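Step one of this worksheet: look at the structure below.
Counting convention: from 1, in listed order, for ligands and their atoms alike. Everything quoted here is computed from the prediction, not taken from an experiment.
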Amino acid sequence: MTSLLWKKFVGRLKVIFVLTLIFFIPNNLDAQAYQIKTIVIDAGHGGKDPGAIGRKAKEKDINLAVALLTGQYIEKYMPDVKVIYTRKTDEFIELHERANIANRNHADLFLSIHVNAVSNSRVTGASSWLLGVGKYQSNLELAKLENSVIEMEDNYEEVYQGFDPNKDESYIIFNFNSTKAYFEQSLNLAQEIQDQFKNRVGRRNYGIHQGPFLVLHRTTMPSVLIELGFITNSTEEKFLMSKEGQEFMASAIFRSVRTYKQQIDAKNKKTVILANQKEPENENSVIEDHGVTYKVQFLLSKTELAPDDPAFKNLVAVWKYKDGAFYKYTTGNSSDLSVIKEIQNNIKDRYPDAFIAAFKDGERISISEAKRLIKAKN
Ligand SMILES: [Zn+2]
């Protein structure tokens, strides 16, 4: 083959490579983009399991009232979202079944509603709990308390494979990997919830925590367990028993879900735009169409990877360049640094070492040089 033919051949290959990526990535995105279509609301306890008991109230009744109200608000003001309840009456539902309801219905969000209890009656405040043993203050005692409801279930040793909610060593199943999934999304929602409780309803902020909750462990979507307050504090008990208190708490949860959904919708919109951005067919059009761009470099490989390599799954505008002995892979393509930062942020769980790189005419340049060139052009 002459060198000219060879060049043409390589050029063709590049076009095929890029086109394959264009077709395969947006499809993938369509199928996988996280949206809020179905929410499962779980009123904790019920039936023979009263949950925590106050002077007058039983936890199960407060949970149910707030869960139903929250669902009603979502149904009324977010008509495109489907609400599913784990229970709508005072009945006993096994813990694993609560998670199964969410998994079976492919829920996009799982909210478990509870009321807390401690021996010190002065303790007050509303809190949100995420699965795990990470950086947020963990509380094994509360998790043990909430998990111990499985002892009321027939057959629990078998269903939970020998898990004894009262034994510390059982909690080894909550390893790091199993608790990391959906953490970011769950945390975002928990932050909204706590913000609403504190700033809109004026509740004392008992904070965001993590714990090894079985019900959260078994769900396969972002999940938050809410403790509305302390039934062991008589003022808080009274508030949570009142119609007004229940409406306040439910509307706070509803508003946080609405904000959470708006954030995800906005992000998806941005992602779709990025995915639909036409990739250059060859490097020449990079120069003409894009000039200076930022990309997130996430992978380095000695061998060239196939376009359908799992490493590229769900990534937008994947591009590769050769640098010495290595193929370097980037995702995203924009002259807007904030867009690229968001992409970097979105993939940081998967690619913690990914960094932003700038390019001009397909060649790496420094970020400061890119900033200067973009500024000069505008
Ligand atoms: Zn509870």
Check the side chains of [Y] and [X] for a donor-acceptor pair under 3.5 angstrom, ignoring hydrogens and angles.
X	Y	result
Lys60	Asn63	no
Gln344	Tyr294	no
Thr89	Glu91	yes

For this session: For Lys243, check salt bridge (charged side-chain N to carboxylate O under 4.0 Å, His left out) against everything at least two apart and list the hits.
Result: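 Lys243 satisfies salt bridge (charged side-chain N to carboxylate O under 4.0 Å, His left out) with Glu247 only.
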
For this session: Would you verify whether the NZ or CZ of Lys320 falls within 45 degrees of the ring axis of Tyr327 while also being under 6.0 Å from that six-membered ring's centre?
Result: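 Ring-cation test returns no.
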
For this session: Starting from the Zn ion (ligand 1), count all protein N, O or S atoms within a radius below 2.8 Å.
Result: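 Near the Zn ion (ligand 1), the number of protein N, O or S atoms below 2.8 Å is 5.
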
For this session: Check the pair Glu97 / Arg104 against salt bridge (charged side-chain N to carboxylate O under 4.0 Å, His left out), numbers first and verdict last.
Result: CA-CA 10 Å; Glu97 177 56 14; Arg104 226 173 21 235; 3.0 Å; yes

